[in-house]
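Worksheet for the structure shown next.
Because the structure is predicted, anything quoted here is derived from the model rather than measured. Heavy atoms only: backbone and side chains are in, while hydrogens, waters and symmetry mates are out.
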Amino acid sequence: MGAHHDHGHGHGHHHHGHSHAPADFGRAFLIGTLLNLGFVVVEGAAGFWTNSVALLADAGHNLSDVLGLLIAWGGAELAKRPASARFTYGLGASTILAALANALVLLLAVGAILLEAVQRLGDPRPVDGWPVVWVALAGIAVNLGTALLFARGRHGDVNIRGAYLHMAADAAVSAGVVIAGLVILWTGATWIDPLVSLIVVAVILIGTWGLLSESLLLALQAVPPGVDAGAVEAMLRGLPGVERVHDLHIWPMSTTKTALTAHLVMPAGHPGDPFLSETAERLEHDFGIGHATIQIERDAECGLAHAH
């Protein structure tokens, strides 16, 4: 005997930010994309004008950010679509794919900077320092401003964290370019420029690794990082009348929503609908699991046969 209880709707007042995280980032994505596109044009032009490969490389990198923002935005927008006959859970999982794609785009950008820096170390070129410094300062402002648009969503949603990390990493890149420009102006040592970009690459790699591993785990339907599967099982086993719990599955439906299915062996028989709705409420409240499906079984043997 089975019962499905989706307690996502009546729960809006509790975890409002938790269950609807992507809903209000549309404006942040729009502003961020426009700001960055404008900056790419300015920085590219300045790179040609000053003969600075660093600026040209950074403009290419910032173009990858626009791509990263568009990917994250697409994921968040798709996740808002209602469930359909074909996509019965909706398209929430697109936020997981977006976070994964964003990590990969970041790694590609890192590869491009790395290649450029290594070539420049072997063959330093004269750079016009002051324009580089001013344009890179503008880059810090643009990237930090965009990162702040996503700062409040970065803890609850790995897709928003991807957008945030992407922009914060870029602010670090621009800061590196500013420092390099100033040191070149003072010392004339052009090898400083590629050296700084190597340090920046290391910083970005450390940040991206976390994003890549978390989004990869979500894509493989691992239990989401904020949920303790052992504690969930202990809670279900401790419910009155429950003898055993088997076939417990917990998986992410999106970067913010979690689903669960479980079979409860209850020899005394089905405890009634209030038991199911209370259990679903506890799962939502204690563990943030909003989509729970619970099957009640009377016979432990039947459950064992099913489990094997």
Side-chain angles (χ1 to χ4, degrees), residues 1-24 76 78-96 153 155-159 217-218 221-308:
M1 185 161 189
H4 172 85
H5 193 89
D6 174 356
H7 197 64
H9 304 293
H11 196 71
H13 56 283
H14 265 328
H15 272 293
H16 194 72
H18 176 87
S19 28
H20 303 285
D24 49 2
L78 284 172
K80 289 191 220 168
R81 294 200 173 171
S84 66
R86 188 165 192 193
F87 297 100
T88 54
Y89 272 137
L91 293 170
S94 52
T95 53
I96 298 171
H155 297 302
D157 184 346
V158 73
N159 183 39
L217 285 172
L218 290 176
Q221 301 206 314
V223 175
V227 180
D228 179 349
V232 173
E233 186 168 0
M235 187 276 270
L236 291 172
R237 217 184 304 114
L239 293 170
V242 175
E243 191 179 88
R244 272 186 58 249
V245 176
H246 66 94
D247 283 292
L248 172 63
H249 299 286
I250 305 167
W251 72 98
M253 292 162 54
S254 76
T255 47
T256 54
K257 290 182 180 156
T258 307
L260 167 149
T261 58
H263 294 222
L264 307 184
V265 178
M266 304 183 78
H270 196 293
D273 289 350
F275 170 87
L276 290 172
S277 55
E278 280 163 26
T279 303
E281 255 167 62
R282 273 188 71 181
L283 286 167
E284 167 86 71
H285 185 268
D286 297 355
F287 303 102
I289 298 170
H291 296 256
T293 307
I294 289 163
Q295 180 164 317
I296 306 295
E297 290 160 3
R298 292 188 71 154
D299 187 0
E301 290 310 308
C302 142
L304 269 173
H306 184 81
H308 295 302

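- Glu243 CD to Asp299 CG: the interatomic distance, rounded to the nearest 0.5 Å, is 9.5 Å.
- Put simply, the side chain of Pro252 does not reach to within 4.5 Å of the side chain of Lys257, judged on heavy atoms.
- Residues meeting the salt bridge (charged side-chain N to carboxylate O under 4.0 Å, His left out) test with Arg237, sequence neighbours left out: Glu233.
- The shortest distance between side-chain heavy atoms of Val265 and Val242 does not fall below 4.5 Å.
- Leu239 has its side chain within reach of Phe275: a pair of non-hydrogen atoms, C-beta onward, lies under 4.5 Å apart.
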Could you tabulate the donor-acceptor pairs under 3.5 Å formed by side-chain atoms of residues 83-94, not counting sequence neighbours?
from, atom 1, to, atom 2, distance (Å)
Ser84, OG, Arg86, N, 3.4
Ser84, OG, Phe87, N, 3.0
Ser94, OG, Gly75, O, 3.4
Ser94, OG, Leu91, O, 2.5

Next item on the list: Begin with the C-alpha distance, continue with both residues' side-chain angles, and end with the deciding distance and a verdict on side chain to side chain donor-acceptor pair (under 3.5 Å) for Gln221 and His249.
Entry: CA-CA 10 Å; Gln221 301 206 314; His249 299 286; over 6 Å; no

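- One distance of note links CZ of Arg244 with CG of Leu236; it measures 13.0 Å at 0.5 Å rounding.
- Separation of atoms CD1 (Ile296) and CG (Leu276) is listed at 5.0 Å; rounding is to 0.5 Å.
- The closest side-chain heavy-atom distance from Ile289 to Pro224 is not below 4.5 Å.
- The line from CD of Gln295 to NE2 of His263 is 4.0 Å long, rounded to the nearest 0.5 Å.
- When Asn159, Thr255, Asp157 are each tested for a side chain to side chain donor-acceptor pair (under 3.5 Å) with Thr95, only one passes: Thr255.
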